Protein chains: 2
Amino acid sequence: MPKVNRTRFAVLGMLLSGPKSGYDVKQEFEERLGHFWSESLGQIYPALHRLHDDGLVSVKVEQRARRPERKLYRITKRGRDEFRAWLAEPAAPVGVRNELLLKLYFGSQMDPSQALEHIERCEAHQMQLRSLFKAFESEIEREAASREQLVYWRVALLSGQHVNRARLAWCRDARAALESLMNEQGAAPSEKSHA
Amino acid sequence: MPKVNRTRFAVLGMLLSGPKSGYDVKQEFEERLGHFWSESLGQIYPALHRLHDDGLVSVKVEQRARRPERKLYRITKRGRDEFRAWLAEPAAPVGVRNELLLKLYFGSQMDPSQALEHIERCEAHQMQLRSLFKAFESEIEREAASREQLVYWRVALLSGQHVNRARLAWCRDARAALESLMNEQGAAPSEKSHA
DNA sequence: CGCCGCATGTAAGAGGTTACATGATTCG
DNA sequence: CGAATCATGTAACCTCTTACATGCGGCG
């Protein structure tokens with residue numbers, strides 16, 4: 001298993017669109033990649049230091065009138081080369097760890113009504129996500145620097161939307177399954193206390 | 001943020017269906033929860049020791065003729081109680097870290113044909129997954145111990161299938177978007193070398 | 001004055017994978 | 001005999017989040 005450090009390249013990639021401070025990098029992760037990637041400041045600052053040690057970025061301290069000073073990191077030629085090499089490599093599959101499904105797998109240990117609550121929470125969350133994605137649609141239209149970039153941003157967003165729709169559809173199916181289970185048990189109450 | 005140890009409860013949950021060894025627990029994770037949860041032996045053994053220290057499981061060494069001996073862990077009353085309490089709590093949302101989308105987000109740094117390869121790899125992987133899910137459908141039908149358990153297992157599987165279908169649909173959309181981008185650029189080749 | 005936003009960093013600690021270490025038994 | 005499976009465990013090593021520590025400037 002070719003274990004590469006993804007934070008390293010995620011941060012490096014953020015610098016492609018121009019020199020940035022660690023703080024800027026964090027902002028951009030949250031604003032634009034929030035639905036498929038995240039990095040904390042506790043990862044970003046050390047990553048920038050390491051990138052500098054390795055010569056993939058250069059630093060310059062920027063002094064601004066009446067604003068705190070900050071370090072602007074700029075990607076170097078070597079940085080670009082290494083980034084492109086990383087881009088070409090196959091992506092590792094997403095690690096799956098879904099706590100909701102884990103709990104539902106053990107659903108027979110709880111009340112069906114409790115299981116239903118879990119699903120309703122998921123449904124509410126996915127509805128919110130749907131709105132966010134909707135708002136994002138117009139935002140990337142405005143902010144993309146080129147036709148090419150817009151296409152790739154749309155592709156990334158589209159993935160979120162497809163999965164979001166799938167989760168919403170699943171919530172409906174799951175609710176239906178649990179409701180019919182509750183009807184069955186309500187109609188024919190077998191012994192439950194020692195299950 | 002109420003940080004609870006999920007491995008602890010995942011392992012504890014595995015013992016609900018009867019006493020098991022650490023090795024058994026690992027098997028069951030792989031066979032039945034593979035698509036939404038995983039635990040390594042390096043987590044499972046220490047987790048069982050801690051569960052024992054905390055009185056949530058009991059141990060018994062099982063001697064078998066001409067087979068290596070093993071430790072059978074059995075969930076205790078307290079274990080069941082704590083497990084049920086954990087089940088009732090809201091599940092943490094899935095942490096998102098999708099390396100494929102990260103690379104595609106930076107797609108304008110590579111050849112569209114390279115981006116296309118990334119998508120085709122994803123598509124191939126999702127096709128395999130689809131077959132696995134299909135096979136799983138009949139397996140849970142055979143192995144569920146009760147009607148109730150079957151419903152919950154079906155709900156968990158259904159989630160995998162919905163998301164799998166969404167990813168396949170996205171692969172098709174993404175391929176189409178990239179192919180039309182390649183046509184545009186092939187027809188009107190603007191300067192590319194310094195992008 | 002106190003809080004918020006900007007800005008940089010470190011340290012502690014949890015969580016997680018992999019490799020290592022050991023040993024029995026079974027099957028070809 | 002050697003490889004695969006069963007079986008248990010530890011150690012090293014990443015990764016990641018959180019909390020802590022510090023300081024400036026603007027705003028109410």
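When reading the values below, keep in mind they use all heavy atoms of this one structure, side chains included, and skip hydrogens, waters and symmetry mates. All chains are named by letter (A, B, ...) in the order of the sequence lines, taking the proteins before the strands, and each is independently numbered beginning at 1. Just so it is clear, the model here is predicted, and its values are computed rather than measured.
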- Item | Footprint string (nucleotides 22-28 of chain D, 5' to 3'): B base within contact, S backbone only, - free, heavy atoms under 4.0 Å | ---SS--
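Under the 30°/60° scheme for interplanar angles, the aromatic rings of A/Phe9 and A/Phe83 are found to be tilted.
Although no hydrogens or angles enter the test, the distance criterion places no donor-acceptor pair under 3.5 Å between the side chain of A/Asp111 and the main chain of A/Ser113. Checked by atom type and distance alone, the side chain of B/His118 pairs as donor or acceptor with a backbone atom of A/Leu87 at under 3.5 Å. A/Asp173 places no side-chain N or O within donor-acceptor distance of the main-chain N or O of B/Leu158, the cut-off being under 3.5 Å.
Using a 4.0 Å cutoff on non-hydrogen atoms, the parts of residues 7-25 of chain A near DNA chain C are A/Ser21, A/Gly22, A/Tyr23, ordered by number.
Salt-bridge check for A/Lys134 with A/Glu137: passed, with a basic side-chain N closer than 4.0 Å to an acidic carboxylate O. The pair B/Arg147-A/Glu184 meets the salt-bridge criterion, since a charged nitrogen lies less than 4.0 angstrom from a carboxylate oxygen. In this structure, B/Glu89 does not pair ionically with A/Lys103, as no charged nitrogen and carboxylate oxygen lie closer than 4.0 Å. With respect to A/Glu82 and A/Arg84, no salt bridge is recorded, no charged nitrogen being found less than 4.0 Å from a carboxylate O.
The CD atom of A/Glu62 sits 15 Å away from the C1' atom of C/dT8 (whole-angstrom rounding). Distance CD1 (A/Ile44) to P (C/dA7): 14 Å, rounded to an integer number of Å. Going from atom CD of A/Gln43 over to atom P of D/dC14 covers 14 Å, rounded to whole Å. The separation between A/His49 atom NE2 and C/dA11 atom P is 12 Å, rounded to whole Å. Rounded to an integer number of Å, the gap from B/Glu99 CD to D/dC16 P is 11 Å. At whole-Å resolution of the value, OH in A/Tyr45 and C1' in D/dT17 are 16 Å apart. Going from atom NZ of A/Lys60 over to atom P of C/dT8 covers 16 Å, rounded to whole Å. A straight line from CZ of A/Arg97 to P of C/dG16 spans 4 Å, rounded to a whole angstrom.
Distance from the side chain of A/Asn5 is smallest to D/dT15 among C/dT8, D/dT15, C/dG9. Comparing C/dC6, D/dT17, C/dT10 against the side chain of A/Arg64 picks out C/dC6 as the nearest. Ranking C/dT18, C/dT10, D/dG9 by closeness to the B/Ser40 side chain, first place goes to C/dT18.
OP1 or OP2 of C/dG16 lies within a sub-4.0 Å distance of a side-chain N or O belonging to B/Arg6. When the side-chain nitrogen and oxygen atoms of A/Lys26 are compared with OP1 and OP2 of C/dC6, none of them lie within a distance under 4.0 Å.
Residues A/Gly42 and A/Arg70 both approach DNA chain C. Their nearest nucleotides, taken by heavy-atom distance, put A/Arg70 toward the 5′ side.
Considering CG of A/Leu104 and CD of A/Glu99, their distance stands at 11.5 Å, rounded to 0.5 Å.
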